[in-house]
Amino acid sequence: MLQQTPVVRVLPVWHEWLKRWPTPAALAGEPAGEAVRAWGRLGYPRRALRLHAAAAAITQDHSGKVPDTYPELLALPGVGGYTAAAVASFAYGRRETVVDTNIRRVHARLISGTALPAPALTAAEMRLAASLLPADDASSVRWNAAVMELGALVCTARAPKCAACPVNDLCAWRAAGEPPPSYVPKGQAWHGTDRQVRGAVVAVLRQAETPVPPDMFFHEPADLGFAPTGIGVPLAALHRLNSAPEQLERALTGLLADGLAEMHDGGYRLPA
DNA sequence: CAAACGTGGAT
DNA sequence: TATCCAAGTTT
């Protein structure tokens, strides 16, 4: 849930999930579509699908217990290098090199003297992080948490609180006079994109109690006699985007291909 | 390896 | 109002 998503937005959903599904087996025992529904508006709903798949793998291959080693974690759906290291470190106290966006930024400034880390995680960054990690298990866990928190709370992306930084006298970026970034991060376009349409379609499927016929995506909800309540709300939002039919088509086929939707009785629904 | 993949609070 | 960007992963 925390992948690319602020922790304050995750917390309420996370609590609901743990109340409803206290164990991996409990989650795996329900359809994947329920996971997507309970995901709500956290974004990147494929993560819900993968979390459900990970729960199934943990149930089947690990006796229902989340594995405690990096390679086993890495093998789970939706778990990449960062998440595998974070779980092994923070949940199990293992010595693993955790590198998230916060840690990358701290290292870029404090050690490398640049305003921003590289656009994508590099091997050099991993080597640097590994070289900084304390040797014993307990210290390594504390180090991972400390550097991550420093980045999240003090050495922030937008307006770093250098005056409040406990290591500002060691900062290479500060010593260099806080040089500006060497590149401009390219922001992701949103309005009018396939992603926006896809998100609106998933919002419809999340609300729907029965399979949604293609017509409902391709025609005005008002023309189909839908009141502006229930599924009419996300449906109206989708149509307000005024997307081209082929764009809608791409979204629907993409969702089918990704397993976020399936066809049933001639309509689209979340995987049941 | 670049590109795709959501969402909403903050600035 | 527009842009930024957040505990990344997969193809």
Side-chain angles (χ1 to χ4, degrees), chain A residues 1-14 36-37 39-54 57 70 73-91 96-108 115-123 125-126 129 141 143-153 155-161 180-181 183-206 234 237-238 241 247 250-261:
Chain A
M1 288 177 176
L2 290 165
Q3 291 166 2
Q4 295 280 282
T5 306
V7 64
V8 289
R9 196 178 307 163
V10 164
L11 280 175
V13 181
W14 178 66
V36 176
R37 276 212 175 80
W39 195 255
R41 304 185 61 79
L42 278 185
Y44 293 143
R46 55 176 55 182
R47 292 180 297 165
L49 219 49
R50 290 178 180 146
L51 188 47
H52 180 270
Y70 181 88
L73 287 161
L74 189 61
L76 296 172
V79 176
Y82 158 72
T83 303
V87 172
S89 174
F90 300 134
E96 295 293 346
T97 305
V98 175
V99 179
D100 79 323
T101 189
N102 295 300
I103 291 177
R104 293 186 64 212
R105 189 174 52 249
V106 170
H107 289 170
L116 296 174
L121 180 59
T122 65
E125 281 180 273
M126 276 311 294
V141 173
W143 175 265
N144 283 330
V147 179
M148 196 178 301
E149 290 304 289
L150 183 65
L153 302 177
C155 195
T156 53
R158 210 78 64 93
K161 303 166 179 63
Y183 68 96
V184 243
K186 51 173 184 191
Q188 323 171 332
W190 176 246
H191 291 287
T193 62
D194 284 10
R195 279 166 108 163
Q196 187 184 30
V197 175
R198 192 176 141 119
V201 169
V202 172
V204 171
L205 297 182
R206 236 176 2 235
L238 170 63
L241 299 181
Q247 194 172 33
R250 275 200 302 278
L252 289 168
T253 55
L255 290 172
L256 288 177
D258 290 347
L260 267 168

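Residue numbering restarts at 1 for every chain, and letters A, B, ... go by the order of the sequence lines.
- Base engagement by A:L42 is indicated by at least one non-hydrogen atom pair under 4.0 Å involving a base atom.
- A distance-only check finds no donor-acceptor pair linking the side chain of A:T5 to the backbone of A:L2 [under 3.5 Å].
- The two residues A:R105 and A:T156 make their nearest non-hydrogen contact at NE-C, 3.5 Å.
- Put simply, CG on A:L255 is 12 Å from C1' on B:dG6, counting in whole angstrom units.
- Atom CD of A:Q4 sits about 5.5 Å away from atom OH of A:Y44, to the nearest 0.5 Å.
- The side chain of A:R198 contributes an N or O atom lying less than 4.0 Å from OP1 or OP2 of B:dG6.
- Separating the P atom of B:dG8 from that of C:dT9 is a span of 22 Å, rounded to the nearest Å.
- Closest heavy-atom contact between A:I103 and A:N144: CD1-O, 3.8 Å.
- Summarising the geometry, the separation between CG on A:L49 and P on B:dA4 is reported as 21 Å, rounded to the nearest angstrom.
- Closest non-hydrogen pair, A:V10 versus A:M1, comes out as CG2-O, 3.3 Å.
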Study note, to complete from the structure: The contact string for nucleotides 4-11 of chain C, one letter per nucleotide 5' to 3', using protein heavy atoms under 4.0 Å with B, S and - for base, sugar-phosphate only and none, comes out as BSBBBSS-
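- As rounded to whole Å, 15 Å separates atom P of B:dT7 from atom CE of A:M1.
- Straight-line distance between the P atoms of C:dA7 and B:dA10: roughly 14 Å, to the nearest whole Å.
- In this structure, A:R47 atom CZ and B:dA4 atom C1' are separated by 14 Å, rounded to whole Å.
- Ranked by how close their nearest DNA chain B nucleotide is to the 5' end, A:A120 and A:R195 are led by A:A120.
- To the nearest angstrom, C1' of B:dG6 lies 16 Å from CG of A:L51.
- No more than 12 heavy-atom neighbours from other residues, nucleotides or ligands sit within 6.0 angstrom of CH2 on A:W14.
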